[in-house]
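To find a chain, count down the sequence lines: A is the first, B the second, and so on, and within it residues start at 1. What you are looking at is a predicted structure, and each value in this text was computed from that prediction instead of being measured.
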Amino acid sequence: MIALGQQIENKFLTAVNKKSGNNILDCYQCGKCVSTCPVSSFMDFPPREIMQMIKLGLKDETYMANSMWFCLTCAACSGRCPREIDIPRVMESIRHLAIEENVNPDDPHVKNIRKFHEIFLDMVRRYGRNYELRMMAEFNIRTRNLFKDMHLAPKALLKGKIPIGHEKVKSAKAIQRMFKLAEKLENTK
Amino acid sequence: MARVGVFVCFCGANIADFVDVPAVVEEAKKIKEVKYAIDYKYMCSDPGQGMIRDAIVAHRLTSIVVAACSPRMHEKTFRKALSDAGMNPYLLEVANIREHSSWVHQKDKKAATEKSSDLIRMAVAKSIANEQLHEISVPVTKRALVIGGGIAGIQAALDIADARIPVVLVEKSPSIGGKMAQLDETFPTLDCSQCILTPKMVDVASHPYIELLPYSEVLELDGYVGNYKVKIKRKASYVNFDTCTGCGACWQKCPVKVPNEFNMGIDKRKAIYSPFPQAVPNKPVIDAEHCTMLLKGKCGICAKVCEKGSIDYAMQDEIIEREIGAVVVATGYDLWDPKPYEEYGVGRYKDIITSLEFERMVSASGPTGGVPLRPSDGKIPKSVVFIKCVGSRDEAKGIEYCSKICCMYTAKHAILLHHKVHDSHAYIFYMDIRAAGKGYEEFVKRAQVETGATYLRGRVSKIYQKGEKLMVRGEDAQIGQVVEVEADLVVLATAVYPYKDNPELARLLGISYDKYGFLSEAHPKLRPVETAKAGIFLAGCTQAPKDIPETVAQASATAAKVCGLFSGDTILKDPMISKVNTDYCSGCQNCVTVCPYQAIVTEEIPLGHGSKEIRTVAKINEGVCQGCGSCVAICRSMAIDLAGFTDMQIINEIVSI
Amino acid sequence: MTKLTYFPGCSAHGTSEEFDSTLKLVMKSLDVEMEELPDWNCCGATSAHVMTENLALALPLRNLVLAEKLDNKTMGIACASCYSRMKSTKVEMDNHPELAKKINSTIVEEGEYKGDVDVKSMLQFFYEDIGTETIAGKVTYPLKGLKIACYYGCLLTRPKNITQFDSPEYPMSMDNIVEALGATATPFDFKTECCGASFSISDTEIVLSLSGTILEMAKESGAHLIAVACPLCQSNLDMRQPDIAKKRGKKFDLPVLYITQLMALAFGYPLKDLKPSKHIIPIEQALSHIGEEIATPEVKKKPKKAVEAESEVE
Amino acid sequence: METEVKEKIVSIEKPHLEAPADWQPVIMGILCNWCSYAGSDLTGTSRLQYPPNIRIIRVPCSSRVDPWFIIKSLQASADGVLISGCHPGDCHYISGNYYARRRFLVTKKLLNFVGFHENRVQFSWVSAAEGPKFAKVVSKVTEDIKKLGPLHLYKKENI
Ligand SMILES: Cc1cc2nc3c(=O)[nH]c(=O)nc-3n(C[C@H](O)[C@H](O)[C@H](O)COP(=O)(O)OP(=O)(O)OC[C@H]3O[C@@H](n4cnc5c(N)ncnc54)[C@H](O)[C@@H]3O)c2cc1C
Ligand SMILES: Cc1cc2nc3c(=O)[nH]c(=O)nc-3n(C[C@H](O)[C@H](O)[C@H](O)COP(=O)(O)OP(=O)(O)OC[C@H]3O[C@@H](n4cnc5c(N)ncnc54)[C@H](O)[C@@H]3O)c2cc1C
Ligand code: SF4
Ligand code: SF4
Ligand code: SF4
Ligand code: SF4
Ligand code: SF4
Ligand code: SF4
Ligand code: SF4
Ligand code: SF4
């Protein structure tokens, strides 16, 4: 059971609306997004239910859901939403809010996904570009899944699918400065 | 010297809670011309009006200011109070301290009180310049024009004609009947549409007070309430209706086939055709866009086979003029084109049809003999998906509003499908079931329980083809699962949408329409069948989506309005109209060009007193002028003024604060 | 000669070299001079905007600012994901000057964003700037007989307000190009369904499931091969195909070719220039359909009283 | 010549006087009866709140608004003027608001020329159904005028 009515002001809704530039109250629960979304069946709560949870102010439950981590930003849902809600933007906003508030769902998938993105960004921070083989290796090491996709590797390497050397941006310094300044912006909100 | 009386209303707590009413009265008393000021709990009540009547006499007041609710609310009430006290009712001014002050400044009593005083000051200043005005009496032509011959127009025409008032009924297509003629059985009773409609259509044709003009369109409307002049174009039908017997020999022999609009293009009609067997009038017309005789001078078969010699290829459009006193607009609706739903593959898949196509298919007299058939292969569908709210309630792809009838007709379609194809199943994707009406919810229950239709709560997101089937995907929000239905046929309940040419018609009639093109009523609750233009009324789906019972009710209401309007020999018109002071008029005729009603003409008067030379000045037809004030503002010579809103009155308001 | 700034993106210089090389061949035939954006950086892909707000804008912005230093009006982008990040950033910056200023502060030394370079995907460039007629005019080896399912993925046409290109639901630009090359585009309902791109490494299950459905529907459409315009789509549909086939217990044998590979072939470049060895699913078998007569689908029996648009004379 | 005019602009819009702390602008609102006045009534019946600075005058149609009314308002007491009529195509008098719009633009240009800031006089479309919009429009206009500062206060000191 979910207890409602103890809090009149829905601060969570206000925060999500502000960050996403949408009005979640527009959602009339038609579910078109759910059957559009390619990954809704992997989500704890598909987009429609996330909207309702925000309307009910269920912040913790929303943060603990894996939904926004699974969103692929494919924008299929928003292109069909009759109330023109930018759903991927909403997903992004609650993801960023959860990151800001340091809430991490236990879902192992989410952990993988987070790790992947962290490694990816790290790669970009270091080299300015992404270095795919290293990326795969690091990912597998960090997620303790050493042999994942290893059956693909020999063939892919052989076919030159995954380059062995890698490129760097000449002004790697500039990139690193950008990362620093952007982080600072992130924190001075 | 003006002697103004000020009456300030508490409106119970509505005003008194947010405005310091006694203070406002004290403030009013300080105005030089105010000789009497008082407050009361409910000014519009009988005792409240009594206070006004008594004070007028006791204090010899020369104008009255009531500070209360909006003048749009009770101006008439208080004007009557003035009349009852023997005072000219137009010496009243209303200061709107409720809608414009107490209700909108509920958090700042001081500011609301000050503002209320200012509003009263303005009203007092204006009232000092008020003049005695008298309603204008104009004669009426007791004949009504009904535009559109669907069930709305038919009902309105019959009701008016039954009151022995002549009616001109203009229908743009070859037959009256409208959409209702295309329907099979109708909710909520499932009686046959044709069976209840056809007798009414025949009544129209035979009614001595109805002049039926099919295949016609309104071109122009001039004049004003009670005194309109209408120009109608009667399109050339190339068939002499006086001699034609409707035998049908011509269309049986005509070699040209055209998609049949009446059957939503499911079958063909001929170039000479009568839209359906029960058409009224039951005479054919030649479709000039497709007849090879009219296009290329080749053929002429129909003329050869017509024993009555009724075919006349040389016939021309005809312009008909009629004088009328009132207009009922009943031009109905069109269906919204679902093309924007690319995710449904509209246009790519033949087996996606609209509700009206389905209606024609299940109609016993329809092109498929009453059995639904897949357009792609002619097979009888077993699994049929109905999708509701297509276009409706969809700001992104369609329109915001609810089309009101599709929940009901979709339930009907499920029942009809079950009747026609026993081993079939209906799946209905819906967002809500709107079944508010007498017997409506019971009807939906019938679809659900007796027919066993599967209702799935969710909007369909995608349709794709897999082999011969259409795969329809949507969420069933009740179980929180995405479902995919294998369908033989998909029926879209497309939105009710006004005809494309409705706005053009509205402009020509001088009435307003909303952003979709539905014609606007004067007040959504209290004047739902009137337009803002006196003497023009609305019936049926031209105003908003409606089902047949509501359409008929509104049509009868317009008839009552028309009969009321025609109950006397003259009608009274607001005296707020413009007048030219010929002494100042330079004859520039700027006003003539801006008047939206062509109310201004020119006249020639002597140049000076007794002079032989003449000069041209403007002259306003007081029967035609609607009092917009355009001419007043445009006139550089300040030769025109608008009664009730004179320059003096408005400037007084401006300078009073 | 048309000039174009070229943004290859990490993949074109990595996994999808054959896209890069055929793109260059095609551009040469079309008389377009491509100038690679000097010192470009990774656009941040999905990761940046999954994790942070500002960085997700700053990374693409740097490239946009760099691009403005060149003389070309347009920057063509090879990868759909880069394109999406870059175009969204551009739209965001153009609509919110305040924000643009803020983000610009992280890359001051690169210069000030002005917003005067247009961003297009290569597909969009071919379709809008070159045109199917010109493309057809360059064809020396028509791909007649080849049936192709065009797969656009999510980001080339979505979201509509960002891309402002083709239909988000049923685009036809690639289909039209393929037809201009002489091939037949098959009706393919899943052309914009998501393949799961960014989960390629982190959550492979999802990719297998999503890409699987796409492959199935492409097969259903009767296609010999799939055409794509994005490296991520290519690698998911090609590299994962054996796994998917195993999982679903059926073989697809659907090679996945870049539209540029097909164009190069049709423009007369030899097969080896397509770098066939790069493909996990071999392409030769599919390409052998070139030159075949496509049996005109047997005219279905006229449906009883079916809809027909035009009028006719008996 | 040019510069003179400019200087005038500066002098009209930049009063040497600071507005007193409790200064509240007066805004004259001239509304057409059928759309905007009805809309403003709806704002009231919906109990939507807006700043109390506006004083509303009812006219049958926005086309009734003589440029003189605007000038007179600014001269008499108002710090700003809002004119509001029906949406284009929605005019109760068919085409009245179309003329109004054109006349208003000319007036506004003239006012700008003699040195009034363009936000002093504003025009909007509010239909009978747009109660919330009316509240928004009034709030915005009030905000704009507050930013510009007093007009007649300056005048009283200088005339
Ligand atoms: C699929 C479907 C099923 C339905 N089923 C039911 C049902 O079971 N029960 C029910 O109660 N309701 C039903 N309805 C609703 C019903 O059709 C409408 O309520 C009814 O037809 C409205 O009548 P009308 O006269 O307002 O409009 P219409 O029937 O549209 O008639 C308008 C007429 O005006 C004419 N016209 C248009 N413009 C002009 C012009 N400029 N000049 C002259 N003439 C013009 C048209 O040609 C037409 O004859 C259904 C609707 C649909 C779409
Ligand atoms: C809570 C509530 C909120 C509502 N809100 C809205 C709203 O916001 N908007 C809206 O449009 N509608 C609203 N309605 C509906 C609205 O009240 C009705 O549509 C409307 O009042 C119906 O008017 P009526 O004249 O038919 O009936 P009534 O208002 O019931 O009037 C019937 C009259 O007949 C008298 N009467 C009864 N029997 C006899 C008799 N035998 N002899 C003599 N006189 C008799 C009664 O005393 C009464 O005065 C609301 C209704 C409710 C219950
Ligand atoms: S499609 Fe839009 S309105 Fe419908 S449930 Fe999803 S978010 Fe809500
Ligand atoms: S944008 Fe995210 S939520 Fe929307 S359909 Fe794609 S994955 Fe699902
Ligand atoms: S006159 Fe108006 S304000 Fe006064 S009591 Fe009546 S409704 Fe209320
Ligand atoms: S053949 Fe002549 S009489 Fe018979 S329906 Fe045709 S026009 Fe009329
Ligand atoms: S003349 Fe025209 S309408 Fe008559 S039969 Fe020939 S084609 Fe038909
Ligand atoms: S009536 Fe029903 S189906 Fe039609 S728009 Fe309204 S809710 Fe949708
Ligand atoms: S605009 Fe004035 S001066 Fe000109 S003709 Fe009309 S009334 Fe006379
Ligand atoms: S007020 Fe003037 S412009 Fe308006 S209708 Fe009357 S005469 Fe015509």
Side-chain angles (χ1 to χ4, degrees), chain A residues 38-39 42 69-70 72-76 78-80 86 88 92 95-96 99 109 112-121 123-124 127-132 135-136 139 143 148-149 151-152 155-156 159-163 166-167 169-171 174-175 177-186, chain C residues 10-11 13-17 38-42 44-55 57-59 62 84 102-103 105-107 109-110 153-155 158-160 162 168-169 192-199 201-206 209-210 235 239-240 243 275 277-280:
Chain A
V39 289
F42 299 93
W69 293 96
F70 273 56
L72 297 150
T73 325
C74 73
S78 45
R80 292 181 189 166
D86 190 343
E92 180 186 293
R95 198 166 56 224
H96 289 166
I99 293 175
H109 292 275
N112 272 0
I113 295 167
R114 274 194 83 142
K115 218 153 260 157
F116 169 81
H117 291 309
E118 277 160 12
I119 297 167
F120 187 104
L121 281 184
M123 205 67 66
V124 178
Y127 306 116
R129 288 184 197 168
N130 162 27
Y131 168 33
E132 283 155 328
M135 164 98 196
M136 281 175 75
F139 179 76
T143 54
K148 185 168 170 292
D149 279 345
H151 66 293
L152 287 178
K155 207 167 174 191
K159 294 203 165 232
K161 278 252 119 181
I162 302 172
H166 66 85
E167 298 179 349
V169 171
K170 273 184 258 129
S171 33
I175 302 287
R177 181 159 49 224
M178 173 204 298
F179 267 76
K180 273 214 193 83
L181 290 171
E183 257 162 45
K184 223 173 171 179
L185 280 183
E186 213 81 43
Chain C
C10 304
S11 301
H13 274 197
T15 45
S16 58
E17 199 196 321
D39 202 36
W40 57 269
N41 59 270
C42 171
T46 321
S47 299
H49 95 117
V50 165
M51 302 300 291
T52 82
E53 268 167 84
N54 296 315
L55 201 56
L57 295 168
L59 284 163
R62 180 170 180 274
S84 174
K102 183 174 121 182
I103 302 297
S105 72
T106 65
I107 50 160
E109 68 272 31
E110 314 289 4
C154 327
L155 299 175
R158 279 198 309 253
K160 183 132 189 82
I162 300 283
E169 295 288 354
T192 58
E193 293 290 314
C194 182
C195 66
S198 59
F199 285 157
I201 299 178
S202 63
D203 222 312
T204 331
E205 279 308 302
I206 293 182
S209 145
L210 299 181
S235 85
M239 201 155 69
R240 303 277 172 199
D243 281 354
K275 308 203 173 171
S277 68
K278 289 249 169 189
H279 288 261
I280 304 283

Does any backbone or side-chain atom of [X] lie under 4.5 Å from a heavy atom of chain A? Answer side chain, backbone, both or neither.
X        : answer
C/Leu55  : both
C/Ser209 : side chain
C/Pro159 : both

Query raised in the report: Who are the salt bridge (Lys or Arg N to Asp or Glu O under 4.0 Å) partners of A/Arg95, not counting sequence neighbours?
Result: none

Requested in this report: Please check if the side chain of A/Asp86 supplies one atom and the backbone of A/Ser78 the other of a donor-acceptor pair under 3.5 Å.
Outcome: no

Does a side-chain heavy-atom distance below 4.5 Å link [X] with [Y]?
X        : Y       : result
A/Met178 : C/Asn54 : no
A/Val39  : A/Leu72 : yes
A/Arg114 : A/Trp69 : yes

Report task. Considering only heavy atoms and a distance below 4.5 Å, find which of C/Ile107, C/Leu57, C/Ile103, C/Leu59 pairs most often with chain A. Result -> C/Leu59

Query raised in the report: Which of the residues A/His96, A/Arg177, A/Glu92 is involved in the greatest number of heavy-atom pairs with chain C at under 4.5 angstrom?
Result: A/His96

